[in-house]
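Single-structure report; data block below.
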Amino acid sequence: MKILAVCGMGLGSGLLLRMQAEKALRTLGVQADLEVADIGTARAAAQTADLIITSNELAQQLQGVKPKIVTISNFIDLQEMVTKLGAALGKG
Amino acid sequence: MRSLELAATEGPLSSRLPPEAIRVGVTAGDWRAAVRAVGEALVASGATTAAYTDEMIATVDALGPYIVIAPGIALAHARPSGAVRRTGFAIVTLAEPVAFGHTENDPVRIVVGLAAPDETGHVDALATLADFLADPDRQRALLEAHDPAAIHALVLAYERGRDDGAAPAPTRPVEGGGETDTGAAETKAERSGGIA
């Protein structure tokens, strides 16, 4: 299982997504590799990913990629991440 | 206590967010003015040159308002560049909410500025800031603060409270033993996970 956190540049909001996803995966009891990609390299990185987490805005720029996309509105709300990741992973 | 000294030299959030990098009750007519204000705060603290402010604005122009990472909170930043002198954070609270064009998280009341000279040096401080802002009471206190010193004190108090809270934890085998920066972050992560 590889999860890709996608943001504009890979060092601001994408890092936040990765941090939150790490906590959420612990809560959910799921093991997965987490990587961060910026929007410019996300399409290539998505080819080996099972799931993408990103914002609504950036999700629209990723239409057509193979992995399922989970969109997060509030990047610092752990409950949203747990709920949405859980649902996407069949743990909801 | 060597590990604590080491953590201090690596720079907790409070040392990367000095009072000079904090502006309270700024009036901004639009998102550009709001990002410019946080850019000026980064410049004032010595973290960046003025060119970085333009780079942050160009980022939003190119990629859209995705930088509004939570209701009312924007995280402005650009790529590591020659305009970044060292890892730095800035906070601007706005007198009136400003629309950034985000479909869910507008309007913005708090603008955070981030300057990173590389891809890793800011990670721990960013995690601290995210956890600090995740609590509605702390967010409210930040918005109600009347001067930069008060916001800096809130951040310092949060760091100290978190470190104190982490101290009794090593009865459990937490990674890193709870003394290093990473260990404290792990303990805190579990704690906030438990609350949520």
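Naming convention: chains lettered A, B, ... in sequence-line order (proteins, then strands); numbering from 1 in each chain.
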Side-chain contact, heavy-atom cut-off 4.5 Å: A:Ser55 with B:Ile69? no

Quick one: are A:Leu16 and B:Leu75 in side-chain contact, heavy atoms under 4.5 Å?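 Counting from C-beta outward, A:Leu16 and B:Leu75 do come under 4.5 Å.
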
Under 4.5 Å between side-chain heavy atoms, hopping through other hydrophobics if needed: is there a path connecting [X] to [Y]?
X	Y	answer
A:Leu17	A:Met1	yes
B:Val26	B:Val98	yes
B:Leu42	B:Val24	no
A:Ile52	A:Leu28	no
B:Ile22	B:Val43	no

Counting a contact as any heavy-atom pair under 4.5 Å apart, which residues of residues 36-44 of chain A contact chain B?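 Counting heavy atoms that sit under 4.5 Å from chain B, the residues of residues 36-44 of chain A involved are A:Asp38, A:Ile39.
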
With a strict 4.5 Å heavy-atom criterion, list every residue of residues 57-75 of chain A that contacts chain B, or say none.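 Listed by number: A:Glu57, A:Leu58, A:Gln61, A:Ser73, A:Asn74, A:Phe75.
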
Part of A:Asp77 lying under 4.5 Å from any heavy atom of chain B: neither

Between A:Met19 and chain B, with a heavy-atom cut-off of 4.5 Å, which part of the residue counts as in contact: side chain, backbone, both or neither?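 Only the side chain of A:Met19 comes within 4.5 Å of chain B.
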
Nearest-0.5 Å distance, NE2 of residue B:His122 to CG of residue A:Leu11: 4.5 Å

Check residues 87-96 of chain B and write down every donor-acceptor pair under 3.5 Å in which the side-chain atom is one partner and the other belongs to a residue at least two apart or another chain.
| from | atom 1 | to | atom 2 | distance (Å) |
| --- | --- | --- | --- | --- |
| B:Thr93 | OG1 | B:Gly25 | N | 2.9 |

In terms of heavy-atom contacts, does CD of B:Glu104 have more than 12 from other residues, nucleotides or ligands at under 6.0 Å? yes

Less than 4.5 Å to any heavy atom of chain A: does that hold for the side chain of B:Ile73, its backbone, both, or neither?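 Just its side chain gets close to chain A.
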
Taking non-hydrogen atoms and a cut-off under 4.5 angstrom, which of residues 54-66 of chain B neighbour chain A?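 Residues in range: B:Thr59, B:Leu63, B:Pro65, B:Tyr66.
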
Of the listed B:Val123, B:Val112, B:Leu114, B:Thr103, the one with the largest count of heavy-atom pairs under 4.5 Å with chain A is B:Val123

